[in-house]
Protein chains: 2
Amino acid sequence: MSLPDSTQYLPHIAYDSVIFGFSGEKLKILLMEYHNTGWFALPGGFVKVNEPLDEAVNRGLKERTGLDQIYLEQFHTFGSLERVNPEAMRKILEAQHKEVPSRHWLFERFISVGYYALIDYTKVEAKPDSLSDSIDWYDVGEVPQLLFDHNYIVEKALEHLRTHLDQKLLSVNLLPERFTMKELQQVYEAILGEKQNRANFQRKMLSLGILERHEKLYSGGSHKAPFLYSFHTRS
Amino acid sequence: MSLPDSTQYLPHIAYDSVIFGFSGEKLKILLMEYHNTGWFALPGGFVKVNEPLDEAVNRGLKERTGLDQIYLEQFHTFGSLERVNPEAMRKILEAQHKEVPSRHWLFERFISVGYYALIDYTKVEAKPDSLSDSIDWYDVGEVPQLLFDHNYIVEKALEHLRTHLDQKLLSVNLLPERFTMKELQQVYEAILGEKQNRANFQRKMLSLGILERHEKLYSGGSHKAPFLYSFHTRS
DNA sequence: TATTAATGTATCACTATGAAACAATAGTAA
DNA sequence: TTACTATTGTTTCATAGTGATACATTAATA
């Protein structure tokens with residue numbers, strides 16, 4: 001296992017991705033834990049010399065989750081000096097590699113482009129990369145202390161997601177193909193962090209004209225069965 | 001005049017700024033024209049090794065306009081491969097410098113962070129930098145062909161400005177200290193690109209509670225004189 | 001067949017908004 | 001002084017959207 005090659009990647013440029021998933025109850029994000037350090041961080045990566053930025057992020061997401069063609073949104077670029085922390089990066093590498101050179105491009109300052117994605121929690125097989133020994137889902141309400149400015153990045157991502165939720169009908173990838181109105185509402189509540197009125201939520205969603213109603217779902221409960229819906233596929 | 005030093009700046013990282021001004025009638029942006037090439041581009045710059053990104057952009061804005069403490073908003077980071085155009089950069093440098101090395105960090109690929117600013121058109125003394133022989137205002141409706149992906153960047157900036165206009169009461173810096181309701185409306189119309197209903201516009205602005213009403217402005221016209229307003233300064 | 005619990009829909013009050021009318025007023029001209 | 005005009009400030013009205021609540025429907029169970 002060798003260090004990433006400095007001629008293959010653009011120096012000083014990174015991306016970090018905040019990957020949201022929905023457990024059926026709570027909103028989660030994917031976090032990595034580095035080998036032998038107890039340190040957590042957002043999954044991120046670097047941009048190859050001849051690779052578009054968006055493509056680099058997609059590649060990283062696919063490598064880590066196995067998912068392709070996912071709604072990915074760039075939300076902010078982080079370039080403060082608090083980001084610079086060569087000591088931490090050195091320890092991460094030293095915990096993994098026998099020999100770490102005294103100077104390396106990974107120790108230098110990075111400007112990081114933040115992206116977020118929304119994916120179906122149930123379809124993910126998170127794979128740790130070479131630097132981390134675990135990658136797992138964490139409650140957005142219980143995010144541990146993260147490296148660098150990653151806690152701030154998570155905050156910003158959530159903020160962006162909340163304010164743009166309606167416009168972007170984001171839930172597309174957070175739910176399975178077919179879902180009930182209640183499940184859709186739970187997604188909204190998990191993201192916005194507050195209860196929604198059931199009747200009004202239903203009215204609003206139906207009025208948007210983006211839902212297709214299918215057969216009912218008989219779950220066995222002694223009550224009216226809900227309809228299943230899917231998102232209208234624009235032709 | 002020497003080329004910028006590669007040890008002083010972060011390679012591969014640039015910013016471009018779309019600086020909006022209001023002429024009293026139309027929305028304008030600042031564009032630079034490079035020496036002896038007839039080429040136009042957005043004013044932009046590079047980030048120093050120990051300088052926060054935001055600070056770099058503020059420094060550039062101040063250098064070019066003399067204005068400080070201006071509303072600056074980051075809106076998108078551009079990282080496609082169409083951005084790469086070493087030939088154009090070479091010609092720009094050659095038109096200015098006697099000797100240009102065959103290899104230079106300015107010829108390599110840049111990822112650029114886009115910012116926009118809103119400033120008082122009348123307070124600006126635009127100063128060309130060493131690479132450009134003019135910097136001037138252009139109508140947003142009549143932007144000439146720009147270098148690299150700068151036309152796309154302008155589009156994105158306008159889009160962002162339009163969709164966030166209400167939330168951010170941006171006009172703060174586009175108008176003089178005191179202004180009439182009509183002038184405020186003209187700013188909105190110039191940005192949104194469409195007429196607003198006078199009565200409804202007034203009602204909405206007043207209901208926001210961000211305006212302070214002052215004395216009337218007697219312009220000499222044979223009609224009712226308008227009030228002057230300023231933006232409420234939160235204490 | 002009554003009961004229960006969840007779902008689908010309707011109602012009502014209130015607010016926001018577009019369109020239009022009305023009212024006020026600073027100057028000009030008779 | 002008195003119309004007249006142009007612009008500004010305000011009101012009115014119809015309509016659409018929204019929060020809160022009630023009502024109606026229905027799948028299973030007792």
Side-chain angles (χ1 to χ4, degrees), chain A residues 22 24-25 162-169 171 175-232, chain B residues 22 24-25 162-169 171 175-232:
Chain A
F22 180 62
E25 188 184 0
R162 282 175 179 154
T163 55
H164 293 81
L165 188 55
D166 280 341
Q167 309 161 33
K168 314 227 169 186
L169 40 126
S171 350
L175 289 168
E177 178 72 21
R178 295 197 173 185
F179 48 86
T180 65
M181 190 61 76
K182 182 171 197 170
E183 288 171 328
L184 183 60
Q185 184 173 343
Q186 283 172 325
V187 169
Y188 268 76
E189 288 175 344
I191 292 175
L192 297 176
E194 57 188 21
K195 292 284 176 198
Q196 303 289 113
N197 178 294
R198 186 181 61 85
N200 296 338
F201 181 81
Q202 178 136 330
R203 178 177 59 189
K204 186 179 169 188
M205 285 299 124
L206 292 179
S207 76
L208 290 178
I210 57 170
L211 294 181
E212 202 160 351
R213 181 176 276 184
H214 304 284
E215 76 282 2
K216 287 191 167 190
L217 171 69
Y218 297 93
S219 60
S222 60
H223 49 74
K224 192 171 180 176
F227 288 106
L228 285 172
Y229 295 89
S230 67
F231 287 103
H232 222 80
Chain B
F22 181 61
E25 188 184 1
R162 282 176 178 153
T163 55
H164 294 81
L165 187 55
D166 280 342
Q167 308 162 35
K168 314 227 169 183
L169 40 126
S171 352
L175 288 169
E177 178 72 20
R178 296 195 173 186
F179 48 86
T180 64
M181 191 60 77
K182 181 170 196 172
E183 288 171 328
L184 184 59
Q185 183 173 344
Q186 283 171 326
V187 170
Y188 269 74
E189 288 175 345
I191 292 175
L192 297 176
E194 57 187 23
K195 291 285 176 199
Q196 303 289 113
N197 179 292
R198 185 181 62 86
N200 296 339
F201 181 82
Q202 177 136 330
R203 178 177 59 191
K204 187 178 168 189
M205 286 301 124
L206 292 178
S207 76
L208 289 178
I210 57 171
L211 294 181
E212 202 161 350
R213 182 176 277 183
H214 303 284
E215 76 283 2
K216 288 191 169 190
L217 171 69
Y218 297 92
S219 59
S222 59
H223 50 75
K224 192 169 180 177
F227 288 107
L228 284 172
Y229 295 91
S230 65
F231 287 102
H232 221 82

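As a basis for the values below, the full set of heavy atoms in this structure was taken, side chains included, without hydrogen atoms, waters or symmetry mates. Just so it is clear: chains get the letters A, B, ... in the order the sequence lines come, proteins before strands, and each one is counted from 1.
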Need two values: the first and the last nucleotide of DNA chain C, 5' to 3', having an atom under 4.0 Å from any heavy-atom of chain B.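 Range of nucleotides touched by chain B: C/dT17 to C/dG27.
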
B/S222 side chain: which of D/dT26, D/dT5, D/dG9 is closest?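 From the listed options, D/dT5 comes nearest.
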
Rounded to the nearest angstrom, tell me the gap between atom [atom1] in [X] and atom [atom2] in [N].
X: B/L206; N: D/dG9; atom1: CG; atom2: C1'; answer: 9 Å
X: B/Y218; N: D/dT7; atom1: OH; atom2: C1'; answer: 14 Å
X: B/M205; N: D/dT8; atom1: CE; atom2: P; answer: 16 Å
X: B/F201; N: D/dT10; atom1: CZ; atom2: P; answer: 15 Å

What residues form a side chain to side chain donor-acceptor pair (under 3.5 Å) with [X], not counting sequence neighbours?
X: A/K204; answer: A/D166
X: B/Q186; answer: none
X: A/R162; answer: none
X: B/Q202; answer: none

I need the B/M181 CE to B/Y229 OH distance, nearest 0.5 Å.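 Between atom CE of B/M181 and atom OH of B/Y229 there are 4.0 Å.
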
Find the distance between CD (B/E212) and CG (B/L228) and round it off to the nearest 0.5 Å.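 Between atom CD of B/E212 and atom CG of B/L228 there are 12.0 Å.
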
Among all residues two or more places apart in sequence or in another chain, which pass the side-chain contact (heavy atoms from CB on, under 4.5 Å) test with [X]?
X: B/R198; result: B/Q185
X: B/E194; result: B/L192, B/Q196
X: B/R203; result: B/N200

Axial bend angle, the helix from C/dT1-D/dA30 to C/dA30-D/dT1: five-pair end segments, nearest 10°: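 The two end axes of the helix from C/dT1-D/dA30 to C/dA30-D/dT1 meet at 30°.
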
Reading nucleotides 15-25 of chain D from the 5' end, what letters show protein touch, with B for base, S for backbone sugar-phosphate only, - for no heavy atom under 4.0 Å? ---BBBB---B

Extract all donor-acceptor atom pairs below 3.5 Å that involve side chains of residues 214-226 of chain A and protein atoms in other chains or at least two apart in sequence.
| from | atom 1 | to | atom 2 | distance (Å) |
| --- | --- | --- | --- | --- |
| A/H214 | ND1 | A/R178 | NH2 | 3.3 |
| A/H214 | NE2 | A/S230 | OG | 2.7 |
| A/E215 | OE1 | A/R178 | NH1 | 3.0 |

With sequence neighbours left out, write down each residue that passes ring pair (Phe, Tyr, Trp, His ring centres under 6.0 Å) with A/F179, or none if nothing qualifies.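 For A/F179, the residues satisfying ring pair (Phe, Tyr, Trp, His ring centres under 6.0 Å) (neighbours in sequence not counted) are A/F231.
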
How do A/M181 and A/H223 order along DNA chain C: which one's closest nucleotide is nearer the 5' end?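 On the 5' side of the pair lies A/H223.
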
